[in-house]
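Quick one: the structure is below, questions incoming.
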Amino acid sequence: MFIPFQLLIPELSKSHQTISKTKQLHALITKTHLSLDPFYATKIVRFYALNDDLSSACNLFDEMPNRSVFLWNSIIRAYARARDFPKAFGLLKEMVRSETKPDSFTFACVLRACSENNDVDGLRSVHGGLVAFGLGIESICSSALVCAYSKLGLVGVASKVFKRVADPDLAMWNSMISGYGYCGFWDDGLKLFNAMRIVGEKPDGYTMVGLLSGLADPGLLGIAKGIHGSCLKNSFDFNVHVSSSLVCMYSRCNCLISAHEVFRGLLNPDLVTWTALITGFSQSGDNKNSLAFYREMNMKDVKADPVLIASALTASAQLSIVGPGCELHGYVLRHGLETDIMVSSSLIDMYSKCGFIDLAMLSFKILPHEDIVVYNAVISGLGSHGLASEAFRIFNEVLEKGLRPDESTFSALLHACWHAGLVNEGKQIFSRMKDEFDIEPETEHYVHMVKLLGMAGKLKEAYDLVTTLSEPVDAGIWGALLACCETHGDSRLAENVVHHISENKPEKSSYWVMLCNIYAKEGRWDEVKKLRDGMTNSGQRKTPGLSWITGSNSSVTSLMTAEMP
DNA sequence: ATAGGGTTAG
């Protein structure tokens with residue numbers, strides 16, 4: 001097939017071309033010397049980018065003697081979208097030195113790349129660059145800056161940029177409102193929303209989504225309902241993004257009844273909305289309903305994608321029933337999703353949480369081993385089955401591959417050591433994590449260390465480790481230590497720990513119950529009675545779930561109701 | 001002539 005010259009312009013005007021047509025168009029403009037005009041090349045670079053053939057796009061770009069802003073922007077955009085940020089950055093630097101100067105669109109594109117790449121330093125330097133080109137208060141650059149800074153959590157800097165813009169347009173208002181939303185400053189978002197209406201700017205769907213995205217606490221349900229009402233009044237509930245945000249927001253606020261209500265009001269919920277609902281139920285602990293909704297969705301003509309499959313697999317893992325997980329595995333195989341990172345790591349996690357570590361390993365073995373997330377899933381699976389040496393073998397594979405372990409990798413390894421009672425190995429990996437890999441231990445790492453040391457009877461060492469932390473120490477860490485005191489019947493240390501906890505979190509009655517248990521073991525019933533009366537008087541009779549610390553709370557309940565000798 | 005900045009699940 002050959003493209004005649006008369007068809008060049010019509011073919012270039014299309015929005016998409018196959019890779020073979022793109023190559024023919026490329027050849028055609030080279031032969032006719034139309035490649036001297038960057039207009040044609042710009043179109044073809046776009047086609048290459050849409051076909052994920054960046055090296056051909058780059059060859060064409062390199063051949064071009066004249067490069068317009070359009071041509072530069074399209075090649076930079078192509079690399080930025082393909083997440084080859086070093087190349088996109090390099091091209092921007094080259095462009096700055098060239099005769100064609102970057103414009104606001106060039107910078108907007110690179111700014112987005114910085115935020116997707118979590119590159120704060122890059123962001124600051126691009127910010128400096130665009131100011132040098134006189135684009136510091138230009139609206140496209142400013143809204144891109146506000147978004148990029150807030151996505152990286154620097155909402156203060158974002159708001160400084162915002163305040164310098166004299167007459168913000170709708171996109172600018174929206175960027176700042178959703179910026180506050182990402183960072184959880186819903187109240188600042190709401191203030192800005194009101195300010196926006198005072199100056200007569202009409203909000204749109206983006207504005208509402210931005211406002212909703214900041215709400216993630218059951219305590220904010222009143223505010224949430226208010227914003228929901230305002231969405232209804234303005235008919236924004238017909239916007240799929242707004243309605244899906246409403247479903248997510250109610251799920252985050254743990255109000256699944258409202259999430260479900262909003263969902264049921266939709267004529268045609270899309271995949272995103274289904275996922276919001278299914279994930280919402282799973283995250284609130286109602287995994288049965290989560291899977292029921294997944295089945296309901298399958299009856300309709302909505303096709304699940306990797307994100308949804310991963311979420312449904314997580315729900316099955318939490319139920320520890322392998323049946324639905326196997327069904328999902330079948331779907332994964334039929335649709336060729338088994339190499340997707342999210343899917344495969346949840347599949348490994350599901351099989352190991354359901355007790356089938358061999359099936360987890362089987363899913364792992366067929367994968368191209370190149371992502372730390374998948375390794376973390378398998379290390380954590382092996383560890384929770386007591387197979388610590390296997391877990392360490394996989395860890396060494398990570399290092400041999402040149403992959404960088406992250407905080408979850410170490411969390412999984414420490415957990416593995418705890419399961420297998422490998423105190424020295426645990427201590428060793430804990431220091432390597434800091435010294436060799438430069439990862440600061442977080443609460444979960446300390447909890448694992450305390451459990452590891454405590455279970456081995458090294459209560460004093462565990463206590464010393466906790467006291468090296470700066471106050472306030474997370475109550476979960478003290479709780480883990482207290483559980484170890486309970487196992488070993490060390491009431492002196494337990495009293496000390498409870499004292500530490502009650503300085504920060506006096507309302508946590510479960511810790512008092514554990515101390516109560518320790519006294520009971522020692523037969524100090526007078527102490528038990530004192531504690532129990534004290535708790536009854538302060539209305540703290542109910543014991544919240546302790547399973548995450550002790551593995552079971554049945555002994556606690558029986559003690560609290562038992563008659564004392 | 002050309003595309004190019006702001007939103008949603010995980």
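In what follows, every chain begins at residue 1, and chains take the letters A, B, ... in the order their sequences are listed.
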May I have the distance from A:Leu170 (atom CG) to B:dG5 (atom P), rounded to whole angstrom?
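Rounded to whole Å, this separation is 16 Å.
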
Report yes if the distance between the aromatic ring centroids of A:His127 and A:Phe107 is under 6.0 Å, otherwise no.
no

Counting only heavy atoms and a strict 4.0 angstrom limit, can you tell me which residues of residues 92-130 of chain A come near DNA chain B?
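When residues 92-130 of chain A is checked for heavy atoms under 4.0 Å from DNA chain B, the hits, listed by number, are A:Asp103, A:Phe105, A:Ala108, A:Arg112.
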
To the nearest 0.5 Å, how far apart are CE in A:Met350 and SG in A:Cys326?
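One finds 5.5 Å between CE of A:Met350 and SG of A:Cys326.
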
Any residue of residues 288-317 of chain A with a heavy atom less than 4.0 Å from an atom of DNA chain B
A:Asp305, A:Val307

How long is the line joining NZ of A:Lys43 and P of B:dA1, in whole Å?
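Rounding to the nearest Å, NZ of A:Lys43 and P of B:dA1 are 13 Å apart.
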
Is the closest side-chain donor-acceptor distance between A:Asp37 and A:Asn66 under 3.5 Å?
no

Which part of the nucleic acid, if any, lies within reach of A:Ile278 when heavy atoms closer than 4.0 Å are counted: base, sugar-phosphate only, or nothing?
nothing

Output the single nucleotide from B:dT8, B:dA1, B:dA9 whose closest atom is nearest the side chain of A:Ser245.
B:dT8

A:His241: which residues meet the ring pair (Phe, Tyr, Trp, His ring centres under 6.0 Å) condition with it, sequence neighbours left out?
none

Looking at DNA chain B, which of residues 131-159 of chain A put a heavy atom within less than 4.0 Å of it?
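Within residues 131-159 of chain A, the residues near DNA chain B are A:Ser139, A:Ile140, A:Ser143, A:Cys147, A:Lys151.
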
Within residues 181-207 of chain A: residues closer than 4.0 Å to DNA chain B (heavy atoms):
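Correct list: A:Tyr182, A:Asp204, A:Tyr206.
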
Given atom CG of A:Leu277 and atom P of B:dA9, what is their separation to the nearest angstrom?
14 Å

Among all residues two or more places apart in sequence or in another chain, which pass the salt bridge (Lys or Arg N to Asp or Glu O under 4.0 Å) test with A:Lys233?
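Salt bridge (Lys or Arg N to Asp or Glu O under 4.0 Å) check on A:Lys233 returns nothing, list empty.
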
Do A:Asp270 and A:Thr273 get their side chains close enough for a donor-acceptor pair, meaning under 3.5 Å?
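There is such a pair between these side chains.
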
Kindly state which residues belonging to residues 262-273 of chain A come within less than 4.0 angstrom of DNA chain B, counting heavy atoms of the residue only, listed by number.
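By residue number: A:Val272.
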
Starting at atom CD1 of A:Ile29, determine the distance to atom C1' of B:dA1, rounded to an integer number of angstrom.
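Going from A:Ile29 (CD1) to B:dA1 (C1'), I get 15 Å.
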
Does B:dG5 have OP1 or OP2 under 4.0 Å away from a side-chain N or O of A:Arg77?
yes

Side chains of A:Thr279 and A:Ser311: any donor to acceptor distance under 3.5 Å?
yes

A:Asp167: side chain to side chain donor-acceptor pair (under 3.5 Å) partners, not counting sequence neighbours
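Partners of A:Asp167 by the side chain to side chain donor-acceptor pair (under 3.5 Å) criterion come out as none, since no residue qualifies.
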
Using a heavy-atom cut-off of 4.0 Å across all strands, would you classify A:Asp340 as base, sugar-phosphate, or nothing?
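A:Asp340: no heavy atom of the nucleic acid under 4.0 Å.
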
Contacts of A:Arg264 that satisfy salt bridge (Lys or Arg N to Asp or Glu O under 4.0 Å) - sequence neighbours left out
A:Glu296

Residues forming a salt bridge (Lys or Arg N to Asp or Glu O under 4.0 Å) with A:Glu116, sequence neighbours excluded:
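A:Glu116 satisfies salt bridge (Lys or Arg N to Asp or Glu O under 4.0 Å) with A:Arg83, A:Arg112 only.
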
What is the distance, rounded to the nearest whole Å, between atom NZ of A:Lys14 and atom C1' of B:dA1?
18 Å

Between B:dG5, B:dT2, B:dT8, spot the one nearest the side chain of A:His241, thanks.
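Within the option list, the nearest is B:dT8.
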
How close do A:Leu367 and A:Thr339 get, counting heavy atoms only, and between which atoms?
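A:Leu367 and A:Thr339 have their closest heavy atoms at CD2-CA, 3.9 Å.
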
Within the structure shown, what part of the strands sits under 4.0 Å from A:Thr42 by heavy-atom distance: base, sugar-phosphate, or nothing?
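The answer is base, as A:Thr42 lies within the cut-off (heavy atoms under 4.0 Å) of a base atom.
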
Whole-Å gap separating P (B:dT8) and CZ (A:Phe238)
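Distance check: A:Phe238 CZ to B:dT8 P gives 22 Å.
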
For the residue pair A:Asn59 / A:Ser56, report whether a side-chain donor-acceptor contact shorter than 3.5 Å exists.
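The answer is no; no qualifying pair exists.
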
Could you tell me which residues satisfy salt bridge (Lys or Arg N to Asp or Glu O under 4.0 Å) with A:Lys191, sequence neighbours excluded, listed by chain and number?
A:Asp188

Nearest whole Å is fine: how far is B:dG4 P from A:Arg67 CZ?
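Taking atom P of B:dG4 as the reference, CZ of A:Arg67 is at 21 Å.
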
Is A:Gln283 near enough to B:dG10 that one of its side-chain N or O atoms lies under 4.0 angstrom from OP1 or OP2?
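Answer yes for this pair, as a side-chain N or O of A:Gln283 is under 4.0 Å from OP1 or OP2.
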
A:His228 and A:Tyr250: side-chain donor and acceptor closer than 3.5 Å?
yes

Residues two or more places apart in sequence or in another chain: which of them pass side chain to side chain donor-acceptor pair (under 3.5 Å) with A:Tyr48?
A:His26

Check this for me: A:Arg67, atom CZ, are more than 12 non-hydrogen atoms of other residues, nucleotides or ligands nearer than 6.0 Å?
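Yes, CZ of A:Arg67 has more than 12 neighbouring heavy atoms, counting only those of other groups under 6.0 Å.
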
Can you check the A:Met249 CE to B:dT7 P distance for me, whole Å?
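Distance, rounded to whole Å: 19 Å.
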
Please determine, by modelled atom types, if A:Asn73 and A:Asp103 share a side-chain donor-acceptor pair under 3.5 angstrom.
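A donor-acceptor contact under 3.5 Å links the two side chains.
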
